[in-house]
Amino acid sequence: MLVAAALCPCPPLLVPEVAAGAAPELDALRAACLDAIGVLAAARPDRLVVLGPVDEAGGGPYSQGAIGSFRGFGVDLEVPLGAAETAPDRELPPSLSVGAWLLSRTDWDDAPVEALGVARSLPRDRCLAMGQEIAAAASRVALLVLGDGSACRTVKAPGYFDERAEAFDAEVARALGDADTAALAALGEEPAAGLQASGRACWQVLAGAAQGAGLSGRLLREEAPYGVGYFVAAWS
């Protein structure tokens, strides 16, 4: 059963070494992420699953101890997923590497941790079913759910400007803050893809996992400093 969830964005710029001189611009976002993870620890889960958006090749499970690297972003930095008790299998993709870094900042040791790469294109029905399976796998499951909103908020955004972006992000922020699983499940796959919203599939896995759990939500942070929607929320 799902007992708590933390929702965080996953730009590599969250890692100060990657952001370099621009690191202070995301200080408040980092602090909110750590606050959300604190809610997970307070829930005393038996199992923590980290969900992150990936391309098709990066989908599937990653075991505790898997290594995330930021060398692809010009920084000689590696971070393990939780305590490195087992030999790592494949390397974590960027979104899950950010998740591993966030957990390392909290010295996470409250429960065994594993990760799951969720393909950005995964259909809604499969996302919901996946979430139900995750929630049923242990008596007290917590989720760290990574993903960004639209990447089309301004002309300088990665996806350029799209007039639909602000309304899309506003609905996502409301749904995350209200723990509105129906609204998350209703997010359109095509609009999300068109707006380059990487979090859509992961949010719908969360919606499946939270069905019937009776969780309440709280939006901790919302901003779009680079034309990309970033949200931090906690469900408990």
Side-chain angles (χ1 to χ4, degrees), residues 5-41 48-120 142-149 151 157-158 196 198-199 201-202 220-221 223-234:
L7 298 105
C8 298
C10 53
L13 288 174
L14 269 182
V15 179
E17 292 88 341
V18 175
E25 296 176 11
L26 296 183
D27 280 348
L29 196 66
R30 293 185 194 96
C33 290
L34 299 184
D35 288 343
I37 293 173
V39 172
L40 301 183
L48 172 64
V49 181
V50 184
L51 305 176
V54 298
D55 57 23
E56 295 289 342
Y62 295 80
S63 62
Q64 180 163 318
I67 299 297
S69 171
F70 294 94
R71 290 194 180 91
F73 302 96
V75 175
D76 187 15
L77 174 66
E78 291 185 342
V79 59
L81 178 68
E85 296 176 352
T86 60
D89 45 16
R90 50 183 179 156
E91 185 175 294
L92 296 171
S95 63
L96 294 177
S97 296
V98 171
W101 179 82
L102 287 171
L103 291 176
S104 75
R105 300 287 287 183
T106 68
D107 296 320
W108 179 271
D109 62 358
D110 297 88
V113 58
E114 59 193 276
L116 184 64
V118 180
R120 296 178 185 87
L143 293 179
L144 171 54
V145 183
L146 302 160
D148 300 339
Q196 300 182 24
S198 71
C202 289
L220 303 180
R221 189 80 184 175
E223 58 182 90
Y226 308 116
V228 181
Y230 298 146
F231 319 100
V232 183

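FYI, the numbering just counts along the sequence from 1.
- When side chains are defined from C-beta on, P94 counts as touching F73, because their heavy atoms get closer than 4.5 Å.
- The CG atom of L102 sits 11.5 Å away from the CG atom of L96 when rounded to the nearest 0.5 Å.
- Between the CG atom in L48 and the CG atom in L143 there is a gap of 7.5 Å [rounded to 0.5 Å].
- No cation-pi contact links R221 to Y230, judged by a cut-off of 6.0 Å to the six-membered ring centre and 45° from its axis.
- Pairing each heavy atom of P9 with each of V232, the nearest pair is CD-CG2, 3.8 Å.
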Check residues 106-120 and write down every donor-acceptor pair under 3.5 Å in which the side-chain atom is one partner and the other belongs to a residue at least two apart or another chain.
{"from": "T106", "atom 1": "OG1", "to": "L103", "atom 2": "O", "distance (Å)": "2.8"}
{"from": "W108", "atom 1": "NE1", "to": "A111", "atom 2": "O", "distance (Å)": "2.9"}
{"from": "E114", "atom 1": "OE1", "to": "R47", "atom 2": "NH2", "distance (Å)": "3.0"}
{"from": "E114", "atom 1": "OE2", "to": "R47", "atom 2": "NE", "distance (Å)": "2.8"}
{"from": "E114", "atom 1": "OE2", "to": "R47", "atom 2": "NH2", "distance (Å)": "3.3"}
{"from": "R120", "atom 1": "NH1", "to": "V54", "atom 2": "O", "distance (Å)": "3.3"}

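- Summarising the geometry, atom OH belonging to Y226 is positioned 4.0 Å from atom CG belonging to L26; distances are rounded to the nearest 0.5 Å.
- Identified under the side-chain hydrogen bond (donor to acceptor under 3.5 Å, both in side chains) test for residues 51-61, with sequence neighbours left out: E56-S121.
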Tabulate below the donor-acceptor pairs under 3.5 Å that side-chain atoms of residues 28-36 make, not counting sequence neighbours, or state none.
{"from": "R30", "atom 1": "NE", "to": "L14", "atom 2": "O", "distance (Å)": "2.4"}
{"from": "R30", "atom 1": "NH1", "to": "A23", "atom 2": "O", "distance (Å)": "2.7"}
{"from": "R30", "atom 1": "NH1", "to": "D27", "atom 2": "OD1", "distance (Å)": "2.8"}
{"from": "R30", "atom 1": "NH2", "to": "L13", "atom 2": "O", "distance (Å)": "3.2"}
{"from": "R30", "atom 1": "NH2", "to": "A23", "atom 2": "O", "distance (Å)": "3.1"}

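- Using a 4.5 Å cut-off on side-chain heavy atoms (C-beta onward), V79 and F70 make contact.
- Of the possible polar contacts, none joining the S95 side chain to the C10 backbone as a donor-acceptor pair under 3.5 Å is found.
- Atom CD of E25 sits about 10.0 Å away from atom CD of E223, to the nearest 0.5 Å.
- R90 has its side chain out of reach of S63: every pair of non-hydrogen atoms, C-beta onward, lies at least 4.5 Å apart.
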